[in-house]
Amino acid sequence: GVEVGPQPQGVIRADILEKMRKIVKHGLDFVQLFNEGREFPPCTIEVFKIMEKVDYPRNKNDEVIAVIHPKLQDQDWQPLNNGDPLFLTLDGEVITYQGDCTVYPTFINEAAYYEKKQAFVKTVKMKLTAKHIRSSVL
């Protein structure tokens, strides 16, 4: 599957559709070249590994007591460091990130995840290295 976003449910955006088409085309081009026996050299790629799903702060009755801080909103895939703002309580108090490493939040304040008690997902940046590959079937 390919998910390209953000895009609200029930909305078709031309820019997102075009990005999805390009991704699918690159995938199909790779499959065709691989099946033709093309050798692909070793490569390294940056990826984001999901570490933890983070819920909204809640009171003892399980009611949300804070919203995403304005400085975090729309900052998917951007570094989040110790002390950076995460949430803003309904009383105006800032709740900051308390972590021992930089993380990269994503799916920040996505409507589809409210019912799953997910304010955002913390990811860490990693590099993956792949050896060269070539189809052994020709």
Side-chain angles (χ1 to χ4, degrees):
V2 176
E3 181 177 343
V4 181
Q7 180 169 298
Q9 297 160 319
V11 173
I12 300 174
R13 288 183 40 171
D15 58 334
I16 302 298
L17 182 61
E18 183 57 29
K19 287 177 184 178
M20 185 202 60
R21 283 183 174 146
K22 283 182 181 179
I23 289 170
V24 171
K25 181 184 180 319
H26 287 304
L28 292 173
D29 288 346
F30 169 82
V31 169
Q32 180 177 349
L33 292 170
F34 181 80
N35 287 342
E36 290 172 356
R38 170 84 54 95
E39 182 172 345
F40 293 87
C43 66
T44 301
I45 185 171
E46 266 186 359
V47 298
F48 295 88
K49 180 180 178 182
I50 293 175
M51 300 306 291
E52 176 185 5
K53 295 176 182 177
V54 178
D55 191 8
Y56 293 89
R58 295 177 183 271
N59 64 18
K60 63 182 178 180
N61 296 324
D62 204 34
E63 298 166 326
V64 173
I65 60 167
V67 296
I68 294 293
H69 192 281
K71 289 187 178 178
L72 181 60
Q73 185 64 51
D74 301 321
Q75 297 302 306
D76 294 75
W77 312 112
Q78 299 304 308
L80 182 68
N81 299 297
N82 190 45
D84 287 347
L86 285 180
F87 298 103
L88 186 60
T89 69
L90 303 179
D91 295 332
E93 178 187 340
V94 175
I95 299 172
T96 60
Y97 170 60
Q98 302 298 310
D100 56 359
C101 68
T102 298
V103 294
Y104 298 81
T106 188
F107 303 116
I108 300 169
N109 206 22
E110 293 269 346
Y113 297 109
Y114 281 141
E115 65 190 35
K116 296 177 181 172
K117 297 186 174 183
Q118 181 178 311
F120 63 92
V121 173
K122 286 195 303 192
T123 70
V124 292
K125 193 184 293 191
M126 304 173 59
K127 289 190 178 188
L128 297 180
T129 300
K131 298 178 180 180
H132 77 280
I133 61 170
R134 175 186 289 188
S135 173
S136 60
V137 180
L138 292 177

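In what follows, every heavy atom counts, from backbone to side chain, and hydrogens, waters and symmetry copies are set aside.
For L90 against V64, the heavy-atom pair with the smallest separation is CD1-O, 4.3 Å. Looking at every heavy atom in both residues, P79 comes nearest to D84 through O-OD2, 4.3 Å. Here the shortest heavy-atom pairing between I65 and R58 reads CG1-N, 3.9 Å. Closest non-hydrogen pair, N82 versus G99, comes out as OD1-N, 3.1 Å. Between K122 and V103, the closest heavy-atom pair is CD-CG2, 4.0 Å. Contact between Q78 and P105 at its shortest, heavy atoms only, is O-CD, 3.2 Å.
Distance check, rounded to the nearest 0.5 Å: CG of L28 to CD1 of I23 gives 12.0 Å. To the nearest 0.5 Å, the span separating NZ on K117 from CG on D55 amounts to 6.5 Å. Summarising the geometry, atom OG1 belonging to T123 is positioned 10.0 Å from atom CG belonging to L80; distances are rounded to the nearest 0.5 Å. A distance of 11.5 Å separates CG in L72 from CG in L88, rounded to the nearest 0.5 Å. In this structure, OG on S135 lies 13.0 Å from CZ on R38, to the nearest 0.5 angstrom. In this structure, Q118 CD and E52 CD are separated by 10.5 Å, a value rounded to the nearest 0.5 Å.
Salt bridge D15/K19: absent, no basic N to carboxylate O contact under 4.0 Å.
The side-chain heavy atoms of Y56 and I68, taken from C-beta on, include a pair separated by under 4.5 Å. Using a 4.5 Å heavy-atom threshold, the side chains of V121 and K53 count as touching. For the pair F107/V54, no side-chain contact is recorded, criterion being any heavy-atom separation below 4.5 Å from C-beta on. With a 4.5 Å cut-off on side-chain heavy atoms, L86 and T96 do not count as touching. Side chains of T89 and P57 form no contact here, defined as non-hydrogen atoms less than 4.5 Å apart. V24 has its side chain out of reach of R21: every pair of non-hydrogen atoms, C-beta onward, lies at least 4.5 Å apart.
Heavy atoms from other residues, nucleotides or ligands lying under 6.0 Å from CG of L128 number more than 12. For CD of Q98, the number of neighbouring non-hydrogen atoms (other residues, nucleotides, ligands) closer than 6.0 Å is greater than 12. In I50, the CD1 atom is not crowded: 12 or fewer heavy atoms of neighbouring residues, nucleotides or ligands sit closer than 6.0 Å.
Proximity of a side-chain donor or acceptor of N61 to a complementary backbone N or O of E63 within less than 3.5 Å is not detected. When atom types are taken as modelled, the side chain of N81 and the backbone of T102 share no donor-acceptor pair closer than 3.5 angstrom.
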Apply ring pair (Phe, Tyr, Trp, His ring centres under 6.0 Å) to the pair F120 and Y113, showing each step before the final yes or no. CA-CA 8 Å; F120 63 92; Y113 297 109; over 10 Å; no

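Other residues sharing the hydrophobic cluster of W77, ordered by chain and number and joined by side-chain separations under 4.5 Å: F48, Y104.
Hydrophobic clustering (side-chain heavy atoms under 4.5 Å, transitive across Ile, Leu, Val, Met, Phe, Trp, Tyr) groups V124 together with I45.
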